[in-house]
Number of protein chains: 2
Amino acid sequence: MRYRREEIVVRALEVLDAYGLADLTMRRLGTELGVQPSALYHHFANKQTLLAAMADELLRRASWPAEGEWVDRTVAICSVLRDQLLAYRDGAELVATVHSFGLGGGEPVDLLEKALAEGEIGELAPTAVRTLLHFVYGHAVDEQTHLQAAEVGAIGDAPREGDSGDDFAVGLSIVVAGIQVIRATRP
Amino acid sequence: MRYRREEIVVRALEVLDAYGLADLTMRRLGTELGVQPSALYHHFANKQTLLAAMADELLRRASWPAEGEWVDRTVAICSVLRDQLLAYRDGAELVATVHSFGLGGGEPVDLLEKALAEGEIGELAPTAVRTLLHFVYGHAVDEQTHLQAAEVGAIGDAPREGDSGDDFAVGLSIVVAGIQVIRATRP
DNA sequence: ACCTGAACACCGTTCAAGT
DNA sequence: ACCTGAACACCGTTCAAGT
């Protein structure tokens with residue numbers, strides 16, 4: 001069987017969702033595709049590049065909000081991002097890992113930059129975007145870890161004080177409120 | 001040679017600082033200690049437990065601020081935390097990783113909880129602490145990745161718009177300002 | 001262009017046995 | 001209590017050779 005790059009990414013996302021990031025090995029993916037692991041290196045320079053392509057594809061599959069006032073849109077983009085990260089097993093860890101080795105977070109980053117540009121916070125926009133992303137990625141990774149730990153069996157695992165979606169909403173409102181404050185008090 | 005748990009952690013932190021997290025393997029650490037890798041399993045149940053002990057020790061070595069008004073103290077704790085993460089090669093990634101598999105972030109978490117308790121934000125305190133930690137860990141991991149990439153040789157690597165310490169200060173002020181806002185508008 | 005087969009240089013972890 | 005030796009079941013990646 002012969003594959004194109006895009007088909008491999010699609011299959012890799014299926015393997016991720018079914019078995020998790022730890023079991024997404026080049027060897028396992030090769031087996032799943034009926035191909036030697038070394039064949040994958042014809043399509044991707046290394047595993048990192050494959051993971052980056054997977055993260056981009058995962059993010060591309062969401063429906064991103066493009067309308068509304070900049071504050072509402074910022075909140076909406078972050079919420080869709082979180083939902084999309086949680087929609088795939090280890091999705092948050094995948095995207096956070098790819099982001100951490102500096103390969104750009106795909107579509108949501110551009111959208112957040114545009115939204116904050118409209119907010120007229122000027123030179124502070126890049127910092128604000130990164131602050132939002134740190135929150136969303138960090139929160140989603142935490143949440144996914146706990147959700148999956150609960151599934152496995154350590155269920156009495158500190159079930160969070162309030163509602164769990166609520167915690168995200170409150171944390172996000174903290175960051176967004178902070179952005180509005182520095183917008184008002186900027187030089 | 002025979003070792004105690006604490007000596008192994010100290011040596012492991014030296015290996016981390018000298019060679020980085022990717023090269024901190026049980027085999028390498030064994031070699032460094034003049035011992036078989038399997039000997040380490042007499043002291044630690046697995047590698048995760050060792051990493052958690054390393055993170056705790058790394059954080060324990062900072063001088064944590066204990067005085068001042070709650071807002072100032074919150075900012076001070078986060079700044080010391082960031083400095084301490086950056087003080088060891090891959091220190092941010094180590095602590096973030098340990099945190100991500102749910103093993104408690106050591107001293108700074110307790111200190112932040114106390115500071116925010118004094119801020120009288122009530123039930124929102126845990127959310128606020130986590131939001132701060134997501135920012136500090138995320139920012140420090142990013143910064144350390146870029147610093148180390150620059151050291152290696154990809155030096156023209158997007159040198160950040162403003163000063164680099166400044167970016168942390170601005171991001172932190174966003175989160176702290178946001179905490180003060182929800183404090184003022186809480187039910 | 002895409003894949004095989006085989007190898008290289010590693011991993012974390014377990015476990016009987018030693019002192 | 002602490003360690004050795006050997007094994008188990010894996011990794012990512014390279015590279016000549018095949019079609």
Side-chain angles (χ1 to χ4, degrees), chain A residues 1-16 18-55 89-90 93-94 96-98 100-103 145 148-149 152 154, chain B residues 1-16 18-55 89-90 93-94 96-98 100-103 145 148-149 152 154:
Chain A
M1 263 179 241
R2 315 209 125 196
Y3 291 96
R4 302 154 184 281
R5 204 183 145 94
E6 265 314 306
E7 300 176 276
I8 293 170
V9 171
V10 169
R11 284 296 230 114
L13 279 173
E14 288 167 12
V15 173
L16 176 77
Y19 305 102
L21 192 55
D23 287 339
L24 178 77
T25 66
M26 298 301 264
R27 288 162 187 273
R28 169 137 216 168
L29 181 56
T31 303
E32 213 78 19
L33 290 162
V35 117
Q36 293 290 326
S38 52
L40 299 171
Y41 289 86
H42 188 78
H43 303 275
F44 301 93
N46 47 49
K47 192 179 179 181
Q48 275 196 3
T49 309
L50 168 62
L51 294 175
M54 291 172 64
R89 159 118 88 133
D90 290 337
E93 207 187 325
L94 170 71
T97 299
V98 167
S100 90
F101 49 71
L103 286 168
T145 302
Q148 285 169 183
V152 169
Chain B
M1 260 179 244
R2 315 210 125 194
Y3 292 95
R4 303 155 183 280
R5 207 182 142 93
E6 266 312 307
E7 301 176 275
I8 293 171
V9 171
V10 170
R11 285 293 232 120
L13 279 173
E14 289 167 11
V15 173
L16 176 76
Y19 305 101
L21 192 56
D23 288 340
L24 179 77
T25 66
M26 298 301 264
R27 288 162 186 271
R28 167 138 216 167
L29 181 56
T31 303
E32 212 78 19
L33 290 163
V35 120
Q36 294 288 325
S38 52
L40 299 171
Y41 290 85
H42 187 78
H43 304 276
F44 300 93
N46 47 48
K47 192 179 180 181
Q48 276 195 4
T49 309
L50 168 62
L51 293 175
M54 290 172 64
R89 159 118 88 131
D90 290 335
E93 207 188 324
L94 169 72
T97 300
V98 166
S100 90
F101 47 72
L103 287 167
T145 302
Q148 285 167 183
V152 169

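All of these numbers come straight from a predicted model, not from anything done at the bench. Reminder, nothing fancy here: chain letters follow the sequence lines and each chain counts from 1.
- If you measure from atom CG of A/L40 to atom C1' of D/dT14, you get 14 Å, rounded to the nearest angstrom.
- Atom-to-atom, NE2 of A/H42 to P of D/dA16 comes out at 16 Å; the value is rounded to the nearest Å.
- Checking C/dA9 for Watson-Crick or G-U wobble geometry (two distances, each under 3.5 Å) identifies no partner in any strand.
- Using the Watson-Crick or G-U wobble rule with both distances under 3.5 Å, C/dT19 pairs with D/dA1.
- The line from CD of B/E32 to CZ of B/R27 is 15.5 Å long, rounded to the nearest 0.5 Å.
- The side-chain heavy atoms of A/L24 and A/L51, taken from C-beta on, include a pair separated by under 4.5 Å.
- No side-chain heavy atom of B/T31 sits less than 4.5 Å from a side-chain heavy atom of B/R28.
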All N/O contacts under 3.5 Å from nucleotides 9-13 of chain C to the protein, with atom names and distances to one decimal?
{"residue": "C/dC11", "atom": "OP1", "partner": "B/T25", "partner atom": "OG1", "Å": "3.3"}
{"residue": "C/dC11", "atom": "N4", "partner": "B/R27", "partner atom": "NH2", "Å": "3.3"}
{"residue": "C/dG12", "atom": "OP1", "partner": "B/M26", "partner atom": "N", "Å": "3.4"}
{"residue": "C/dG12", "atom": "OP1", "partner": "B/K47", "partner atom": "NZ", "Å": "2.8"}
{"residue": "C/dG12", "atom": "OP2", "partner": "B/M26", "partner atom": "N", "Å": "3.0"}
{"residue": "C/dG12", "atom": "N7", "partner": "B/R27", "partner atom": "NE", "Å": "3.2"}
{"residue": "C/dG12", "atom": "N7", "partner": "B/R27", "partner atom": "NH2", "Å": "3.0"}
{"residue": "C/dG12", "atom": "O6", "partner": "B/R27", "partner atom": "NH2", "Å": "2.4"}
{"residue": "C/dT13", "atom": "OP2", "partner": "B/Y41", "partner atom": "OH", "Å": "2.6"}
{"residue": "C/dT13", "atom": "OP2", "partner": "B/K47", "partner atom": "N", "Å": "2.9"}
{"residue": "C/dT13", "atom": "O5'", "partner": "B/Y41", "partner atom": "OH", "Å": "3.3"}

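- Taking only side-chain nitrogens and oxygens, A/Q36 never comes nearer than 4.0 Å to OP1 or OP2 of C/dC3.
- OP1 or OP2 of C/dA1 has not a single side-chain nitrogen or oxygen of A/H43 nearer than 4.0 Å.
- Residues B/D90 and B/Y19 have side chains not in contact (no heavy-atom distance under 4.5 Å, counting atoms from C-beta outward).
- When side chains are defined from C-beta on, B/I8 counts as touching B/L29, because their heavy atoms get closer than 4.5 Å.
- Distance CZ (B/R5) to P (D/dC2): 12 Å, rounded to an integer number of Å.
- Only the P atoms considered, C/dC10 is 22 Å distant from D/dA9, to the nearest whole Å.
- Contact annotation: the side chain of B/Q48 never approaches that of B/V98 to less than 4.5 Å [non-hydrogen atoms, C-beta and beyond].
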